[in-house]
Amino acid sequence: MLKIDSHTHILPKKLPNWSTKFGYGDFIYLQHHKKGFAKMMRGNQFFREIRDNCWDPDVRIEEYRQFSTQIQVICTIPVMFSYWAKPMDCLDVSRYLNDHIVKVIEKHPKNYIGLGTLPMQDTALAVKELERCKRIGLKGIQIASNINNENLNEPRFFPVFEACERLGMAVLIHPWEMMGEKHMQRYWLPWLVGMPAETSRAICSMIFGGIFERLPALRVNFAHAGGSFLSTIGRIQHGFNCRPDLVAIDNAVPPVNYLGKFWVDSVTHDPMMLEYVVKLVGSKRVTLGSDYPFPLGDLEIGRFIEETTLTHQQKEDIFHNAALEWLAIQDEELKA
Ligand SMILES: [Zn+2]
């Protein structure tokens with residue numbers, strides 16, 4: 001069965017020293033301190049160690065083939081978003097990363113599909129880079145769950161979503177700059193608590209802000225099975241019902257009406273939760289995802305899905321139909 005992994009991250013092997021080039025800021029750079037490994041440095045601070053499966057397309061293909069996966073959707077690592085930087089500098093970083101992803105997909109058209117990154121802190125530049133992403137062969141873009149702490153329903157971001165709909169570019173929303181991060185450094189809480197909350201924040205902002213209502217053809221996928229959104233949909237709907245004066249101020253459509261309108265990936269690490277997610281949004285809206293190559297990801301790439309009670313058809317949807325529809329790719333395109 002064809003497997004498309006809709007959520008994976010990649011970096012170029014070499015990154016310019018942008019802090020030196022621009023003369024400020026803690027941009028990420030790589031220290032290749034031993035063969036096959038590199039340290040991601042944020043300024044002088046160690047961020048995380050990565051392996052060659054983070055940058056070497058061939059090593060990756062070999063690894064994911066072991067889990068019968070043929071195609072990865074690749075995008076950058078959220079720490080590279082650089083929304084805090086000066087807009088032109090973020091554009092520079094974005095272009096570098098996007099051009100690299102295009103090189104990878106051009107060399108391995110059967111194994112990779114690419115998503116770009118945008119300088120979201122400047123709407124005009126973001127739309128310009130989005131249009132370029134489309135021209136150079138990317139199928140969509142990845143953006144963060146908030147932009148410098150502004151929610152995605154802010155009117156200034158609307159033209160970007162509008163352009164995504166117009167150009168037919170898919171959107172992956174990925175949690176980053178997690179709320180409360182400063183106050184929960186211990187126990188990896190920004191990743192375990194902050195990330196799921198961030199994704200729910202993004203979905204709620206887009207629903208209540210009327211983004212999906214105004215852009216019905218916009219195709220959005222939310223990482224990590226939508227974070228805590230789906231497991232708290234009862235509460236969210238109840239809040240909408242009991243306090244419309246607080247919740248329904250920009251959009252009168254109930255949140256449950258949007259179940260099945262957007263996509264989520266399968267990164268739940270839990271067969272029962274995945275079955276529940278499928279029940280809520282339908283198997284055509286759940287894309288196989290791994291978060292490869294990071295340890296918090298599902299590095300067996302959906303093996304647990306085989307063990308669920310989902311039907312063959314539902315598994316087929318998750319393994320490829322849902323991603324093909326999200327990315328608006330025809331089956332034939334991949335076989336060509
Ligand atoms: Zn991820």
Side-chain angles (χ1 to χ4, degrees), residues 3-12 28 40 42 47-51 53-55 57 60 63-64 67 69 71-83 93-94 97-98 100-101 104 112-118 120 138-147 152 170-179 181 188-203 220-230 262-270 273-274 277 286-302 304-305 318 322-323 326-327:
K3 282 189 186 170
I4 303 174
D5 184 348
S6 66
H7 177 176
T8 79
H9 301 286
I10 196 166
L11 269 188
I28 294 286
M40 288 179 82
R42 183 149 55 174
F47 176 68
R48 74 163 67 126
E49 189 178 60
I50 54 174
R51 253 186 56 210
N53 63 359
C54 204
W55 65 77
R60 297 168 67 102
E63 278 194 4
Y64 64 74
F67 297 96
T69 301
I71 304 170
Q72 280 189 338
V73 179
I74 46 173
C75 58
T76 196
I77 304 175
V79 72
M80 304 303 296
F81 286 144
S82 311
Y83 299 146
V93 172
S94 303
L97 298 170
N98 296 341
H100 164 256
I101 285 179
V104 174
Y112 292 106
I113 295 166
L115 304 177
T117 184
L118 304 176
M120 287 297 290
L138 299 174
K139 294 292 181 190
I141 46 128
Q142 174 194 215
I143 63 177
S145 48
N146 75 74
I147 313 295
L152 298 179
V171 181
L172 173 66
I173 306 278
H174 198 293
W176 192 240
E177 300 295 354
M178 285 71 85
M179 60 178 91
E181 186 162 8
W188 213 15
L189 293 188
W191 268 255
L192 303 186
V193 176
M195 278 195 168
E198 271 299 326
T199 310
S200 187
R201 169 192 193 175
I203 302 176
V220 186
N221 195 347
F222 293 92
H224 314 135
S228 55
F229 179 82
L230 291 172
F262 55 81
W263 284 256
V264 298
D265 71 29
S266 65
V267 188
T268 55
H269 309 278
D270 181 339
M273 183 51 77
L274 185 72
V277 166
V286 182
T287 61
L288 173 66
S290 70
D291 225 341
Y292 178 99
F294 300 122
L296 195 50
D298 171 19
L299 298 185
E300 294 186 327
I301 318 180
F304 79 100
I305 299 173
I318 297 171
W326 167 52
L327 298 161

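In this text the structure is predicted, and so the values were computed from the model without any measurement. Atoms within a ligand are numbered from 1 in the order they appear, just like the ligands themselves.
Taking backbone and side-chain atoms together, His224 has no N/O/S atom less than 2.8 Å away from the Zn ion (ligand 1).
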Inset, instruction - Start with the C-alpha gap between His9 and Asp291, add the side-chain angles, then the distance that decides, and say whether side chain to side chain donor-acceptor pair (under 3.5 Å) holds. - result: CA-CA 7 Å; His9 301 286; Asp291 225 341; 2.9 Å; yes

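With Ser6 as reference, Thr287 is the one residue of Ile71, Val267, Thr287 to meet the side-chain contact (heavy atoms from CB on, under 4.5 Å) rule.
With a 6.0 Å cutoff to the six-membered ring centre and a 45° limit on the axis angle, Arg60 does not count as a cation-pi contact of Tyr112.
Using cut-offs of 30° and 60° for the angle between ring planes, the Phe81 and Tyr83 rings count as parallel.
One finds an angle of 100° at the Zn ion (ligand 1) between NE2 on His9 and NE2 on His7, to the nearest 10 degrees.
Taking the Zn ion (ligand 1) as reference, the nearest N/O/S atom within Asp291 carries the name OD1.
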